[in-house]
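This report refers to the structure that appears directly beneath it.
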Amino acid sequence: MHFLELLVELLLMPILAFVIGLAMVLMMRRIGARIQRRVGPPVLQPIYDIIKLYSKDTQISHGLMHEIGIIMAVGGYIAAETLLPVPGLDGLADKGGAVTLAYMLMIPALGMALGVGQCANPNGSIGISRALTAMLAYDIPFILVIFGASYVYGTTNLAEMISIQQQQGVSSWGIVQMPLLALTALLILPAIMGKHPFEIYVAPAEIATGPMVEMSGKFMGGLFVMQCFQLYTAGVIFTTLFLGGGVYWITFLPKIFLVVAIPMSVAYLFPRYRTEDVLRLMWKWPMLLGLIGLAVVMK
Amino acid sequence: MNELDKIPVRQEISVAQGSVKRSNPLANVFDELVRFCQSRSMFMLHYCTGCGAIELPPAMTSRFDMERLGIQPMVTPRQADILLITGYVSVKTLKRIILTYEQMPAPKYVIGICSCTVNGGMYWQSYATAKVLKEYLPVDIYIAGCMPRPEAVISGLRDLMGDIKSGSASNWKRYFQNYDHYLGNQQKLFDEDWQTPTDIIAEAEHYGLITDQTLGEHTALLQKHQQPLEALEFSLGEKREKIRGENQ
Amino acid sequence: MNLLVLMIALPLLTAFLLSSINRISTLAARWIGPLVLLATAVIGLSVWPQLGAAPLALQWGGFQAPLGITLYADQFALLFALAMTIGTLLLWPRSAENQLRSSSLALLLAGTGSGLALSGDLFNIYVFYELMTVVSYGLIAGRGTSGSFASTLRYLVISGFGAALALAGIALVYQATGTLNLAQLAQLAPEKLNNLQGFAAFVLMLIGFGVKAELFPVNMWVPEVYATASSRVSALLAGVVSKLALLIIMRLLILVFHQPEALTVLLVLGILGVASGELAAWRARDLNRMLAFSSIGQLGVMFIALSIPGNAGIFAALAVMVHHLFLKPSMFLLAERWGGSIEKLAGAARTSPIAAALFVLLALSLIGVPPLPGFWAKLLVIMPMLALDQPLYYLAVFVMLAAASLEANYLFRVVMKLYDKQPAATSHKVHATADLATALFLGGGLIAAVFMLVPLADRLDSIAAQATDVSTYIQTVAPQQLQSGRVQ
Amino acid sequence: MTALDTLLLISAITVGVALLAGNWRVGGWLVTILYALQGAALLMMSGLGYSTLTVVQSSFSIEVLSEQLLWRFDALSWFFALITIGAGLFSSWFASGEWGERYRDNGGSLRLFHGALALNVFTMLVLLASGDLLTLFIGWELVSWASFLIMALAGGKAFGYAMRYISYAFAGAMALLGGLLLIYAEVGSFDFQSLKEAAPQMQASTLWLLVVLLTSGFGVKMAILPFHLWQAKAYAQTPGPGAAFLGAISSRMGLFAFIVVVVQLIGISRLVEMEIPFTFLDAQDLLAWIAVFTIIIPTYIALRQHDARRLLAWHGVGQTGYMLLGIVIANDLGSAGGLMHVFNYASYQAMLFMVVVAVIHRTGTSDLNKLGGLFTRMPLSYLAMLIGIIGLAGLPPMNGFVSKWLIYRSLIVDGSPLLFLGAVIGTLGTILSVYKLIHNIFLGQLRVEHVAVREAPLSMVIPMMALAVIVFVTGYFPGLVLDWTSAVQASIGIPVLAHHLGGVSMKGGLDMIWIVSVLLIGFGFGTLVFFLGGRSRRVHQLDNYAGGHFLTAETRYHYSDNFYPGLMHLIGPWYRNSFEWLERGVISAVDTLSTAMQGLYRNAHPSYLLLAAVVFALSWVIV
């Protein structure tokens, strides 16, 4: 039937995600610079960085798993993007749904963790330990959000969630239906994206950027690509769950950029949290909000 | 103290290699693009050995903002393109600097900041200080001064940027090509069993940068003392004899 | 028919003649005891089939019942008479210095035991019971250690009290009915003994005879005696003699005392026996004491089974008794060389693998692991209790099940020690061949029972049915009395 | 002679052959072939797994206590038997080669090991075949003691753990016996059918008592809270492949019996009616919450282990919670998930144990703080462990994801956010813990003493790889297993899950064929992107950034101990060993009582008691 069409969609979705992700990285760095009253990087800086990293003459590898780890990290995101419906492109949204997506997103993290492990650098392992702990911290409220949304829309299919919100107008948007859960999601968004103030796992001065300590050249480049996907995914998921998704790119893009911009703008104002403080914070306020939100939603 | 011109540097090789033109015009464009990106995205490892480091924060923060030039600080040699050596280098520190340099992925550049890296500066008489950085590592740019202001630092970085863009900043290759010379100087300073856990000769082979200056008496001495450094290979069966030696 | 009398008379006679025989020939004195017992067993077995159809009553001493000495033999009684005889034969006491004395004591025990099982009136029962008690003092003290004397004394005191109480109970019965013949009592009981006096008589007799049956408050002698007596004697006392005492109580329950309170007393004492015995066994540090406490627990289960009204209770009790009859002597025989601290047993399985394996089998059966006989016996006890749907019986089930868990725990602690890979410092004694062979024979009986479960159950059921058939009892002993009873 | 007779006969023969020939060089292989034959006999009944057959009777039956004892197979038994025989086959295969020789050389009795393993399989088949409550109990006890046998084989410490197991198991069995006999008293028969008919009329109080007794009985074997303490240590100490076998299937027998009696016969709908006073909960909720705590607590205990076998064994306890949770939810999704998780879990748990045993075989330790960097030395074992941990953590593309997805989805459908949250907390803990497992063994720095280590022998690698293939293929095509679970659902009277080869056909369903394909293609593109960059150069593990420090082979440069300090800083104080405390409390209570009883028998003067009895009796007479 529309097999060819689907194939094109599947190809297009990761590419779009990457391009938009690049722009988001730029935006993030610009926001950071502006907050610090700097000029910030030029427009094409993310591309420069990636090209430079891929074109390094020395690509230091610590073994096969180090390489496979990076492949898993990038490949996993490429695959995950096809589960994420965007205007005009539903991809495989009906084959998996929100729960599948949430677990698919752990594949890149796992790949990266394995790759870092192979490097035999304790700084990397410490970073992974902290990153996994942080994941434990934010995933618990995140799962409340996923559950709440699935409950409200009566489905875990993201494409259906979008169509429900689109058909019934703004009043049916997630943010109106379940404002507390939206707030929860917003609170944990910087942690999901691994950004300030929850980036203890990179802690450059302390554990030499943690997981990235042995990453050079294209390995680092792969992680830069992954970061683009990461920001994009976070933005799109939030938009899909709470902001009605989008039928047109023209309305969709501002939403996802806004979603990413909000935590970024706030985040740079805070100092880093320690690991146990991340846990304590995440398990206190977002969790509380999430539970109340759920109670409200489920009556 | 060695004279600068006594260093047997074969300038013409590196220059010729740096600006080699490929016959395919597209490949040329590609090379240009890569060099441009490399020049516009420089990650630096500031090895803050001395007082010069104090000038870097202003260069990075709101006043001068290096990031607008695509220059970012990085904390591990694996991610860095530039090694900034910001001040005097004691003998003990130099060992670390050399290791760090060797762990950086090519193309890599060294910038010596402050007079101390040029000729020892105010430590010129110190017994514990390596005076001329250039004897041990191929330095791309010196930014002299005690200490140089942020403007000078940025200016130096821009010079390097230009060199990279034009393809003439290829001093890193000299380290491989003349490894015996650099190693000799290092051995003279440290001891004859001096070694780092990095395998420079294998890397030189990897990039085809072995010249007749790469290997010599000093590398022979090195190989006498060196622990074997082959990467760990997969093993399914019995053929373990080669790697077993690693333990001894 | 009259042969049955020989079952009692022959061993008794031999016992008294033994010393004379010994003067003539020591060899004959050594062998005559077992041979007589063998002969008695053969007699008993030859009578066995004909009892299936109808039980036999025997008036002895020239008077008719109720005045004469009445022997009553149904399969139930004969089973335990046989158990007594064969048990004594299997567990024939072997002591180097006092062979003569212990032989005659064993013969006496066998004779009195058979007599006890076959007696048909309370007075004879009391006489045989007392005789048996005295014989057991001798057997227990036979070891001659200070410990055995002390425990004998303790046993003596309690038995004395028990005997007095039993006698008081019998007196009460006699006062109420004017007879001690069981058949006549069975006739009179519904009107004369179905009151408080009857109940008091029952309780007194229960406690009195309960001394031997290891009934809860009067079983304080058990651990010390079994720990100090020789294992063969302990096996005999725990395995066989206790069952005979139980048999009397069963007879009394079936024939004379039908008060529901009687059952309640049995139940409560049984529960207390199980709980106290198994709990105490949990902390026992040597095998003999552990087995002693465990046998208190097992006897408790039998009392619980007896407290179930109707045929089912007798059947269940019979099953548990027969199971215990095989199991406990076997275990005590194994404990013969494994006495002392359990810690010292570490690694004993290496020196005596067969004994260790047998111990595992016995332990498994004791705690009731299917398909071994112990499980089915336990099932027979619990099933009718739950059907009764009464709180006290639920409690009993709970206590039994909890006790089984404890039992599994302490028995397998021993097993673990036996199979420990680090052997203890002292070397282990190997079992005497005779001990091991007897234990294996009894253990083999348990395994054989697994394969003959169905016929065995049927057989026990019919024995129980025969035992509970009161009217047959009365009719067999004294047909004319039955009629006159009605006239009265 | 029915197919079931054949199966049981071959299984019994396997026990005999194992006991007879276990010590021979070919003994292990002989036994392995016999397991394969058992598998073939099972396949003769494969109609059970596809709902074309409903029941296969055994022609053997006996009558005891006027009860007809029956043995038969239905879809549920078939499904569990498949896993049992598979686990037996692979474990025995694993044990047959070099592992067995080493075991024998170290003084172990291979005959006893193979015998115990075969006995376990046989007794489990007998249990699975039970056709009424009495045979169920008989099978139950046989299985318990067979597991005890294999646990105690190692001697030493294992004795203590096996002892603890049997104390729990026997107490559980007694609870079970109480429950079953209570049913008999209520229903008047041990027959399944009569219980099923009588259950709807039972009084709530009886039913409560029954559910408590049965669940504790079955729960001890499943090691659900609060009976979970025995399992991990006992399994971890079982010799090598025995641990793989026990870990894979042994405690599932509890689940099997739970499904048969509580789900199939009493019925979950009956549980829903049983409300707990003064709460919003009913019996089903209670069970679900027990399941959830069984997920969470053992998983986070596993996180603290530093012995690979214990870590896995504790996860085994935790994973049971998922199965129970799915089954207790009892809608089409949940029960399919719970059942499928039994299969999935068996496949990867056996494999993970095998990997750990292979590592012990080669390095002599399973201490996570004494290993590291074995990836280059044992790459195939690493691959197996990787696949296994992805399965255990429940991530795509392995089969563990599918079953967990089903359970999550059922909780969403059911509208139980807190149960869902609990299940996810368990999964997250699992991810943390399995990463630590693979990292500390295979990743990081290779220690000097392990440089000469080689890949495990083929006799060990092949079973691992075969299991890995199963884990992946049933993740790719979950329909293969869902066919069987659907047959089981049909036979135990739960709504059947609509499924296809790729997964679940429903609104917001799951199609693993697409998901996995797209993931693999994604990896393909990832590889392309990766090779856009220049050729990579492998460096020695000592060529590593250490803040300028010079690394040598003697430098321990591997992060392993206290792997999650940040997390432990916060949740560390929450580990209070409450259950250990509880257990010790019970033991000392029994101890005190026992001392009192001993005192009663030993010290208290018997005549006093006698006197009391007399006074009591006389007063009764007089009053």
Side-chain angles (χ1 to χ4, degrees), chain A residues 54 56-63 65 67 70-72 74-76 78-79 82 92 95-97 99-100 103-104 106-107 110 113-114 117-118 120-122 125-126 129-130 132-133 135-136 139-140 143-144 147 150-151 155-157 208 213-214 217-218 221-222 225 275-276 279-280 294 298, chain D residues 373 375-376 386 390 394-396 401 405 408-409 412 415 417 420-421 424-425 428-429 431-432 435 438-439 443-446 507-511 514-515 518-519 521-527 529-530 532-539 541 544-545 547 557-559 563-567 569-570:
Chain A
Y54 271 92
K56 275 289 206 187
D57 284 357
T58 319
Q59 311 279 3
I60 292 161
S61 155
H62 275 279
M65 198 59 227
E67 293 161 17
I70 297 301
I71 291 173
M72 276 173 81
V74 175
I78 291 177
T82 61
L92 298 180
K95 310 287 186 206
V99 179
T100 314
Y103 280 85
M104 277 286 266
M106 288 181 189
I107 291 287
L110 178 70
L114 292 171
Q118 164 88 72
N121 194 314
S125 302
I126 292 171
S129 141
R130 292 178 178 184
L132 287 174
T133 310
M135 181 193 80
L136 180 65
D139 253 8
I140 293 176
I143 230 65
L144 286 178
F147 187 94
S150 310
Y151 188 84
T155 175
T156 53
N157 187 336
V213 61
E214 281 295 308
K218 59 180 175 180
V225 173
T275 318
E276 58 265 38
L279 286 166
R280 214 170 274 143
L294 257 183
M298 300 182 73
Chain D
F375 171 52
T376 54
L386 179 60
I390 295 178
L395 301 181
F401 169 70
W405 185 91
Y408 298 145
R409 195 74 181 79
I412 293 178
F420 182 67
L421 189 64
V424 172
I425 290 173
L428 294 173
I431 293 175
L432 260 65
Y435 179 72
I438 198 168
H439 172 271
L443 302 176
Q445 191 193 24
L446 184 69
K507 217 177 82 177
L510 178 72
D511 193 337
W514 273 102
I515 303 280
V518 94
L519 191 62
I521 294 168
F523 287 165
F525 276 101
T527 317
V529 172
F530 183 75
L532 278 181
R535 192 158 60 100
S536 56
R537 194 178 89 79
R538 302 266 165 87
V539 296
Q541 62 173 359
N544 218 320
Y545 175 68
Y557 207 50
H558 185 36
Y559 179 68
F563 200 77
Y564 295 105
L567 182 63
H569 187 91
L570 185 67

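Naming convention: chains lettered A, B, ... in sequence-line order (proteins, then strands); numbering from 1 in each chain.
In terms of heavy-atom proximity, D/Leu519 sits nearest to A/Met104 at CD1-CE, 3.8 Å. Between D/His439 and A/Ser125 the shortest heavy-atom distance is NE2-OG, 2.7 Å. Here the shortest heavy-atom pairing between A/Met65 and D/Leu443 reads CG-CD2, 4.3 Å. Among all heavy-atom pairs drawn from A/Met298 and D/Pro417, the shortest one is SD-CG, 3.5 Å. Closest of all the heavy-atom pairs between A/Glu214 and D/Tyr545 is OE2-N, 2.7 Å. Across all non-hydrogen atoms, the minimal contact from D/Gly566 to A/Glu276 is O-CB, 3.5 Å.
Here A/Thr133 is the residue among A/Thr58, A/Asn157, A/Thr133, A/Ile70 with the most heavy-atom pairs under 4.5 Å with chain D. Contact count versus chain A (heavy atoms, under 4.5 Å) is highest, among D/Ile390, D/Ile521, D/Thr527, for D/Thr527. Contact count versus chain D (heavy atoms, under 4.5 Å) is highest, among A/Ala113, A/Gly221, A/Gly222, for A/Ala113. Options D/His569, D/Gln445, D/Arg535, D/His558 differ in how many heavy-atom pairs under 4.5 Å they form with chain A, and the most are formed by D/His569.
For D/Arg409, the part lying near chain A is the side chain, with the backbone staying farther off; criterion is any non-hydrogen pair under 4.5 Å. Only the side chain of A/Leu110 comes within contact range of chain D, with heavy atoms under 4.5 Å apart. In this structure, the portions of D/Tyr564 lying under 4.5 Å from any heavy atom of chain A include both its backbone and its side chain. Heavy atoms closer than 4.5 Å to chain A are found in the side chain of D/Trp405, but not in its backbone. Heavy atoms closer than 4.5 Å to chain D are found in both the backbone and the side chain of A/Met72. Both the backbone and the side chain of D/Leu532 come within contact range of chain A, with heavy atoms under 4.5 Å apart. Residue A/Thr82 touches chain D through its side chain alone, counting heavy-atom pairs closer than 4.5 Å. For a residue to count as touching a neighbouring chain, one of its non-hydrogen atoms must lie under 4.5 Å from one of that chain's; by this rule A/Arg280 touches chain D with backbone and side chain alike. The contact between D/Phe530 and chain A is made by backbone and side chain atoms together, counting heavy-atom distances below 4.5 Å. Interface residue A/Leu294: only side-chain heavy atoms are found under 4.5 Å from chain D.
The main-chain N or O of A/Gln59 is never found under 3.5 Å from a side-chain atom of D/Ser536 such that the two would form a donor-acceptor pair. Side-chain atoms of D/Asn544 come within 3.5 Å of backbone N or O of A/Ala120 as a donor-acceptor pair.
Going from atom CG of A/Leu136 over to atom CD1 of D/Ile431 covers 9.5 Å, rounded to the nearest 0.5 Å. One finds the CG atom of A/Asp139 at 5.0 Å from the CG atom of D/Leu428 (value rounded to the nearest 0.5 Å). Here CZ of D/Phe563 is found 9.0 Å from CD1 of A/Ile126. Values are rounded to the nearest 0.5 Å. To the nearest 0.5 Å, atom OH of residue D/Tyr435 and atom CE of residue A/Met135 are 12.0 Å apart.
The shortest side-chain heavy-atom distance between A/Thr275 and D/Leu567 does not fall under the 4.5 Å cut-off. Between A/Ile140 and D/Val424 the shortest side-chain heavy-atom distance does not fall below 4.5 Å. Inter-residue side-chain proximity for A/Leu114 and D/Phe375 is flagged as unmet; no heavy-atom pair is nearer than 4.5 Å. Looking at D/Val539 and A/His62, their side chains come closer than 4.5 Å, going by heavy atoms from C-beta outward.
Ring orientation note: the planes of D/Phe420 and A/Phe147 are tilted relative to one another, at an angle of 30° to 60°.
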